[in-house]
Amino acid sequence: MNAFRLKKQLWRRWRRWKKAPWVGAACVALTVLAWRGMQVPEELSGLLTDKVWTVPEGLGELQNGHAGGSMPVAAAVYDNTGSGRTEDDLAMAKEREQLLQAVSREPVARTVHLKTAYISGEEVQTLSGERSPAQLREVIAAHPGWNGWISQEGDLWLERSVNDLSPLAKKEAYFGVDEHGNLTLFKGPPAADKVLKTFFQMDMGSMKSSLPEEILNQLHEGIRVQDIEEYNSVLSTFSDYARDTAEQVMQSE
């Protein structure tokens, strides 16, 4: 009997609570909280799938998966805009900013030299006339990705590296041997003795005993190379006959 009375009292209280305004508001709040709890995982999933990172050139593996399971060499650095820049890019940008500040700091005109380091040697182009600070900034902006500095003479130097033969070398380069037995890249036939680049001293005795005489004659007369493939082929062939460093030192003594 007591249990029946207690159950009846609780039922009456519940009916009164349902009519109270705060009970309805609480139910609504609980419903909203439960619905938001279901939405949070969906929003997190959207952040993970919809966010697109911009990866610097050369780091495509970060977007498309690591090719061959290898990790990219350069580390990507992301700013708050989502654009990716490598540490080298950031360092170069800082150096260029410092260079721009240097040419703007003093109102003096400067001579500009453009230096290109090819695998066959270096070539320097000097612009005619001196450039004002405003013109210097234009020259720097026209050569993004180039290193730059101001020399002790006050000239502006811009330098880049190109993994290829220079246009001059493609027209006139010959591999040959100099008077010391060094494999050398010449401008024109070796007889002209216009050296572009010297590589290493070769074991001429070993070459004479293992290579046909016509190849040796061709080497002395000059082997014409016109592109990077021919250049690498000749260099790879004769590198097998390079004297090691210790042997060269003993001979020089």
Side-chain angles (χ1 to χ4, degrees), residues 57-58 73-74 88-89 91-92 95-96 99 110-131 136 139-204 206-207 211 215-249 251-252:
E57 183 179 356
V73 176
D88 289 342
D89 290 336
M92 181 173 291
E95 292 176 359
R96 287 178 63 83
L99 183 61
R110 304 178 189 274
T111 301
V112 180
H113 307 279
L114 305 179
K115 179 180 178 181
T116 304
Y118 297 97
I119 63 172
S120 54
E122 297 178 346
E123 291 186 7
V124 176
Q125 176 189 3
T126 301
L127 303 185
S128 61
E130 294 185 334
R131 300 296 195 274
L136 293 173
V139 173
I140 295 172
H143 297 84
W146 287 44
N147 297 322
W149 69 91
I150 296 176
S151 67
Q152 294 181 350
E153 294 78 13
D155 294 347
L156 172 64
W157 282 82
L158 295 175
E159 180 183 29
R160 66 169 178 168
S161 297
V162 177
N163 187 32
D164 197 1
L165 298 179
S166 68
L168 174 64
K170 290 180 178 180
K171 293 179 180 179
E172 305 182 56
Y174 287 79
F175 269 106
V177 183
D178 66 11
E179 58 182 0
H180 302 292
N182 296 311
L183 182 67
T184 305
L185 189 68
F186 294 93
K187 177 185 175 183
D193 199 24
K194 296 180 180 180
V195 176
L196 292 175
K197 188 174 183 179
T198 300
F199 297 91
F200 46 78
Q201 189 175 36
M202 294 187 294
D203 186 347
M204 301 304 295
S206 177
M207 290 176 59
L211 292 178
I215 293 181
L216 295 176
N217 292 337
Q218 187 177 7
L219 181 62
H220 283 91
E221 294 173 1
I223 301 175
R224 182 78 171 91
V225 290
Q226 302 181 65
D227 55 43
I228 188 66
E229 289 77 15
E230 293 177 348
Y231 174 93
N232 287 332
S233 177
V234 174
L235 190 60
S236 175
T237 298
F238 290 103
S239 64
D240 293 337
Y241 301 95
R243 292 185 182 276
D244 58 39
T245 305
E247 185 178 357
Q248 294 184 43
V249 170
Q251 283 195 346
S252 63

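In this structure, the separation between CZ on F238 and CZ on F199 is 12.5 Å, given to the nearest 0.5 Å. Residue L219 holds its CG atom at 11.5 Å from OH of Y241, rounded to the nearest 0.5 Å. Separating the CG atom in L136 from the CZ atom in R110 is a distance of 7.0 Å, to the nearest 0.5 Å.
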Could you walk me through whether W146 and V139 pass side-chain contact (heavy atoms from CB on, under 4.5 Å), step by step? CA-CA 11 Å; W146 287 44; V139 173; over 6 Å; no
side-chain contact (heavy atoms from CB on, under 4.5 Å) between T184 and L196, intermediate numbers included: CA-CA 8 Å; T184 305; L196 292 175; over 6 Å; no
L183 vs L235, test: side-chain contact (heavy atoms from CB on, under 4.5 Å). Steps then yes/no. CA-CA 9 Å; L183 182 67; L235 190 60; 3.9 Å; yes
D193 and F186: side-chain contact (heavy atoms from CB on, under 4.5 Å), yes or no, with the steps? CA-CA 7 Å; D193 199 24; F186 294 93; 4.0 Å; yes
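The shortest heavy-atom contact between H143 and R96 is O-NH1, 3.2 Å. For the pair L185 and S120, the tightest heavy-atom approach, listed with the atom from each and the gap, is CD2-CB, 3.6 Å. The nearest pair of heavy atoms linking S239 to F200 is CA-CZ, 3.5 Å. Closest approach of G222 and Y174 over heavy atoms only: C-CD2, 3.8 Å. Of all heavy-atom pairs spanning L127 and T111, the tightest one is O-CG2, 4.4 Å. Taking all atoms of both residues into account, the shortest heavy-atom contact from L168 to K187 is CD1-CE, 4.0 Å.
Pairs of residues two or more places apart, or lying in two chains, never qualify as side-chain hydrogen bond (donor to acceptor under 3.5 Å, both in side chains) while including a residue from residues 215-233.
A 4.5 Å side-chain heavy-atom check between I228 and I119 finds at least one atom pair inside the cut-off. Counting only heavy atoms from C-beta outward, the side chains of L156 and R131 never approach each other to under 4.5 Å.
Residues that satisfy the salt bridge (Lys or Arg N to Asp or Glu O under 4.0 Å) test with E130, not counting sequence neighbours, are absent from this structure.
Side chain of D178 to backbone of H180: a donor-acceptor contact under 3.5 angstrom is found.
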May I have the list of side-chain donor-acceptor pairs in residues 157-166 shorter than 3.5 Å, sequence neighbours left out?
| residue | atom | partner | partner atom | Å |
| --- | --- | --- | --- | --- |
| R160 | NE | T116 | OG1 | 3.3 |
| D164 | OD2 | K170 | NZ | 3.1 |
| S166 | OG | E123 | OE2 | 2.9 |
| S166 | OG | A169 | N | 3.0 |

